[in-house]
Amino acid sequence: MTDLRPDLADDEIDLRELFAVLWHGKWLIFSLCCVALLLASVYLHSALLLMNRHPEISPLSLLLIFLWPITDMLLSMLRRKRSGKPIGQPDRLHFHQTVMRLLEIQFFTRSRRNLTNPLGTLIILPMAIAPMVLAIVFKTQTGAAFIAFWGFVALFAVAYRWALRRGGQAANRTSRKFEQS
């Protein structure tokens with residue numbers, strides 16, 4: 001039997017196929033979301049209990065533990081607000097996705113996502129773990145935790161901006177290369 005649909009280009013998405021895959025895995029997706037929400041709430045509740053039971057612990061040091069996901073989430077909400085989109089709408093400009101895209105454009109191709117995704121994680125991991133380590137070191141030193149907090153927020157902003165610019169420059173070089181050939 002012949003296929004009545006024309007061949008889809010590599011960069012096109014068959015929405016029916018995507019929906020079918022998501023629908024087939026709906027319970028796995030739902031379960032993973034529930035586990036993530038449960039772990040986040042337990043983690044947050046534990047941090048609040050720790051802060052209440054041990055008033056010598058700096059709230060800023062606890063905030064350092066959550067710095068990376070909070071900063072990324074607030075940046076994406078701000079970005080959506082500025083563009084007039086609902087802040088709850090998903091996008092592809094989170095830090096990890098930006099680093100992954102940069103790797104795809106600069107060194108690999110989109111077809112190597114199975115490689116660029118873990119590499120992006122390895123690149124980001126030291127920047128995400130460093131605030132957590134300093135949170136432990138500065139757990140009772142509010143001033144040092146304050147400086148570390150704002151220092152890592154600035155580092156996040158600079159690194160994110162650099163990755164966006166570098167990815168855009170690499171994309172422009174790649175598109176010019178294709179136009180010339």
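Here, residue 1 is the first one in the sequence, and each next residue gets the next number. Keep in mind it's a predicted model, so treat the numbers as computed, not measured.
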(Q) Testing the basics here: between A135 and I65, what is the closest heavy-atom pair and its distance to 0.1 Å? (A) CB-CG1, 3.7 Å
Q | Pairs involving residues 38-47, ordered by first then second residue, that meet side-chain hydrogen bond (donor to acceptor under 3.5 Å, both in side chains) (sequence neighbours left out) | A | none
Q | Inter-residue atom distance S76.OG - Q97.CD, 0.5 Å rounding | A | 9.5 Å
Q: Kindly give the heavy-atom pair with the smallest separation between M51 and I57, and that separation in Å.
A: CG-O, 4.5 Å
Q: First locate atom CZ of R161, then atom CZ of F156, and finally report the distance between them rounded to the nearest 0.5 Å.
A: 13.0 Å
Q) Can you check whether F149 reaches L134 side chain to side chain, under 4.5 Å on heavy atoms? A) no
Q) Hey, is the main chain of N117 close enough, under 3.5 Å, to the side chain of T121 for a donor-acceptor pair? A) yes
Q: Over 60° means perpendicular and under 30° means parallel, so classify the ring planes of F146 and W150, tilted if in between.
A: perpendicular
Q. For residues 135-149, which residue pairs qualify under side-chain hydrogen bond (donor to acceptor under 3.5 Å, both in side chains), counting only residues two or more places apart or in two chains?
A. S58-T142
Q | Pairs flagged by side-chain hydrogen bond (donor to acceptor under 3.5 Å, both in side chains) wherever residues 63-74 is involved - sequence neighbours left out | A | D72-H94
(Q) Quick check on R79: does its CZ atom have over 12 non-hydrogen neighbours (other residues, nucleotides or ligands) under 6.0 Å away? (A) yes
**Q.** ILVMFWY network linking L93 to L78, side-chain heavy atoms under 4.5 angstrom
**A.** no
Q: Over all heavy atoms of both residues, which pair between L103 and T116 is shortest? Give the atoms and the distance, please.
A: CD1-O, 3.7 Å
Q: Look up atom CD1 in I124 and atom CG in L119, then write down how far apart they are to the nearest 0.5 Å.
A: 11.0 Å
Q) Does L115 share a hydrophobic cluster with M100, counting links as ILVMFWY side-chain heavy atoms below 4.5 Å and allowing steps through other members? A) no
Q) If every non-hydrogen atom of A159 is compared with every non-hydrogen atom of M127, which pair is closest and at what distance? A) CB-SD, 4.3 Å
Q. Atom NZ in K81, atom CG in L74: separation rounded to 0.5 Å?
A. 14.0 Å
Q) What is the minimum heavy-atom distance between A128 and P131, and which atoms define it? A) O-CD, 3.4 Å
Q. What's the spacing between E104 CD and L102 CG if we round to 0.5 Å?
A. 9.5 Å
Q: Can you see which heavy atom on A145 is nearest to which on L64, and at what distance?
A: O-CD1, 4.0 Å
